[in-house]
Amino acid sequence: QVQLVESGGGLVQAGGSLRLSCAASGSTFSVNTMGWHRQAPGKERELVAAISSIGSINYADSVKGRFTISRDYNKNTVYLQMNSLKPEDTAVYYCHAVIAPWGLPGSYDYWGQGTQVTVSS
């Protein structure tokens with residue numbers, strides 16, 4: 001059983017900062033790409049940032065220069081440092097990982113339960 005456990009969401013004023021964390025646990029043989037997606041009310045889920053197993057990073061244009069994704073490979077944990085937050089960053093943020101579990105062929109997509117980020121103006 002593989003789990004992604006998120007923490008760090010909350011309410012912040014515009015211009016403020018938050019840091020999200022997501023730890024993968026359980027029968028993880030190998031953890032490949034880890035990242036964050038978000039979904040605002042009435043909108044589709046979108047990629048925010050992702051980091052591969054070799055450190056390649058991808059950001060959505062809307063967060064470039066404000067958000068920083070990082071990863072602790074030993075702890076199978078991914079972080080999202082969010083600075084200069086804007087009201088339009090308000091959404092539920094979901095951790096995502098591509099993981100090869102022990103005992104199963106191939107890799108699979110796993111999602112966290114989501115954490116609410118609310119930015120007030």
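Hydrogens, waters and symmetry mates are skipped; everything else that's a heavy atom, side chains included, is used.
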Hey, what's the ring geometry for His37 with His96, parallel, tilted or perpendicular (30° and 60° as the breaks)?
perpendicular

State, without any angle test, whether Asn32 and Ser53 hold a side-chain donor-acceptor pair at a distance under 3.5 Å.
no

Starting from the C-alpha separation in whole Å, work towards a yes-or-no answer on side chain to side chain contact (heavy atoms under 4.5 Å, CB included) for Asn58 and Leu47.
CA-CA 9 Å; Asn58 187 31; Leu47 172 70; 3.5 Å; yes

Using the ring centroid of each side chain, check whether Phe29 and Trp102 are separated by less than 6.0 Å.
yes

How close do Leu85 and Leu18 get, heavy atom to heavy atom, and via which atoms?
CD1-N, 3.8 Å

Do Thr90 and Glu88 meet the criterion of a side-chain donor-acceptor pair at a distance under 3.5 Å?
no

Nearest heavy-atom contact between Ala14 and Pro87 is CB-CD, 4.1 Å

Step through the shown structure and confirm whether more than 12 heavy atoms of other residues, nucleotides or ligands are within 6.0 Å of CD on Gln39.
yes

Is it the case that the side chain of Thr28 and the backbone of Val31 share a donor-acceptor pair, with hydrogens and angles ignored and the cut-off at 3.5 Å?
no

Can you pull the disulfide (SG to SG under 2.5 Å) pairs that have at least one residue in residues 53-86, sequence neighbours excluded?
none

Spell out, as yes or no, whether a donor-acceptor pair under 3.5 Å connects the side chain of Arg71 to the backbone of Ile51.
yes

On a heavy-atom basis, which atom in Tyr59 and which in Ala49 lie closest, and how many Å separate them?
CD2-CB, 3.5 Å

Glu6 and Gly112: which non-hydrogen atoms are nearest, and at how many Å?
OE2-CA, 3.2 Å

Where at least one partner belongs to residues 10-79, residue pairs that pass disulfide (SG to SG under 2.5 Å), sequence neighbours excluded:
Cys22-Cys95

Between CG on residue Asn83 and OG1 on residue Thr68, distance to nearest 0.5 Å:
6.5 Å

With Arg66 as reference, evaluate Lys86, Met82, Gln81 under the side chain to side chain contact (heavy atoms under 4.5 Å, CB included) test and give the passing residue.
Lys86

Is there any disulfide (SG to SG under 2.5 Å) pair reaching into residues 28-59, and which pairs are they, with sequence neighbours excluded?
none

